[in-house]
There are 2 protein chains.
Amino acid sequence: MTSQEPLSQKASEILGSAQSLMQDKGYNGFSFRDVAAQVGIKSASIHYHFPTKGDLAKAAVGSYREAFSKLLEDISAQNITPRSQLQKYGDIFMDTLTVKHNACLCGILASEAESLPEDVRHQVDGFFDDQRAWLSAVVEAGIKDGTFRSVIATQQYAITFLSALEGAMIIARSTQKPEILNQTTDQMIGLIDDTAD
Amino acid sequence: MTSQEPLSQKASEILGSAQSLMQDKGYNGFSFRDVAAQVGIKSASIHYHFPTKGDLAKAAVGSYREAFSKLLEDISAQNITPRSQLQKYGDIFMDTLTVKHNACLCGILASEAESLPEDVRHQVDGFFDDQRAWLSAVVEAGIKDGTFRSVIATQQYAITFLSALEGAMIIARSTQKPEILNQTTDQMIGLIDDTAD
DNA sequence: GTCTATATCTTGATAGAC
DNA sequence: GTCTATCAAGATATAGAC
């Protein structure tokens, strides 16, 4: 969950490059040479920082999880309604899709689960659990304050909401219709909103 | 949308093998040699039936779309409620996941969109449109007969429902919790059900 | 820490015999 | 239609010089 030793400058660059390459083309779709070209070193040099491709991917997901968790903390720290928090959560996904032109790293990697080294997949699964935990707390708060329908199963809704966003992101990117993502987010929120006009 | 000439026996075998391999490991994760080993020929022989990997993938998606459309026709032909139709739709996904231990071919391929030949990606996008069209008609019928909440945006709900199932399938498979998929389907239906007890 | 050089393997694809 | 043989390219990874 937490970082070990602080990474060197180059190691961070390599990690960032690998992360963004995987968000674009997946684990099977990027190579050490791709990373090397982006960072400006030779592919053999990467092995000094990350011995194997699995090590690199695992570290990239770990750093992704940390960065994502910080974004969630930022949202939690704001004094806004649960509904607004879900909206801001969706904005993270939308920003990744439209500004960085990337998919969710763990959405991509999970779809390649059968090709991943075991410890990489476990990191990916850890990401999903991070999201489930944060989302279910927000939904719970929304039910308590009366803005969300009280009949919904909180834990399951967290997973359903996450699934919808991950799926919509993949479909939106493939079909090149980014609006699919934010419209899906809006509808998912609308479906549990008990304060509809 | 329709098949051209009928495929030879071996071509069908190759197609089926490629389809199931891609449902397991994706476009970047399967090779001609994998297919050859399954079918019992040499990898060079595949090129006789499908000149390039892109041709093979495109044909596999086309055949997948056809088979899926037949399943949808079967559901439509039954005299069951819109709610039951959505449930049966979810059963298709669940069956793929738990019996064949596979993901949705187009969910996997869409997540690799940036690695796909252009015409393969267009076939994948066509699949999503097939699903959107069928699902929206079912939802429309459910609104008309009063079982689904009338406030929902029909076209968008079709996409949201599909997104949720695709996302849940990927997450369920990676985390090895297949129940995530059917619970997500159930909740998605429950969220628009207007006849709740 | 990064390099060159290299080993080893796998890939998609082609040529030509049968 | 399928084979053998082969290719050129790309992959991960290692050894050892600098």
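All figures in this text were calculated on a predicted structure; none of them were measured in a lab. Per chain, numbering begins at 1; letters A, B, ... match sequence-line order.
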Pairs involving residues 35-47 of chain B, ordered by first then second residue, that meet side chain to side chain donor-acceptor pair (under 3.5 Å) (sequence neighbours left out): B/S17-B/Q38
Least distance between heavy atoms, A/I143 atom then A/R149 atom: CG1-O, 3.8 Å
Cationic N near anionic O, under 4.0 Å, A/K88 to A/D91: no
Between C1' of D/dG1 and CG of B/L7, the distance in whole Å: 15 Å
Any B/Y48 side-chain nitrogen or oxygen under 4.0 Å from OP1 or OP2 of D/dT2: no
Residues clustering with A/I170 (ILVMFWY side chains joined when closer than 4.5 Å, directly or via others): B/I170
Nearest-Å distance for atom pair CD/C1', residues B/E13 and D/dG1: 13 Å
salt_bridge(A/R132, A/D129) N-O dist < 4.0 Å: yes
Spacing of B/N28 atom CG relative to C/dT10 atom C1', expressed in whole Å: 14 Å
Mutual orientation of the aromatic rings belonging to A/Y157 and A/F161 [parallel < 30°, tilted 30-60°, perpendicular > 60°]: tilted
Nucleotide N/O to protein N/O under 3.5 Å, stretch nucleotides 8-12 of chain D:
residue	atom	partner	partner atom	Å
D/dA11	OP1	A/S31	OG	3.0
D/dA11	N7	A/R33	NH1	3.3
D/dT12	OP1	A/K53	NZ	3.3
D/dT12	OP2	A/F32	N	3.0

Nucleotide nearest B/A44 when distance is taken to its side chain, options D/dG1, C/dC3, D/dT4: D/dT4
Closest to side chain of B/K42, choosing from C/dG1, C/dC3, D/dC3: D/dC3
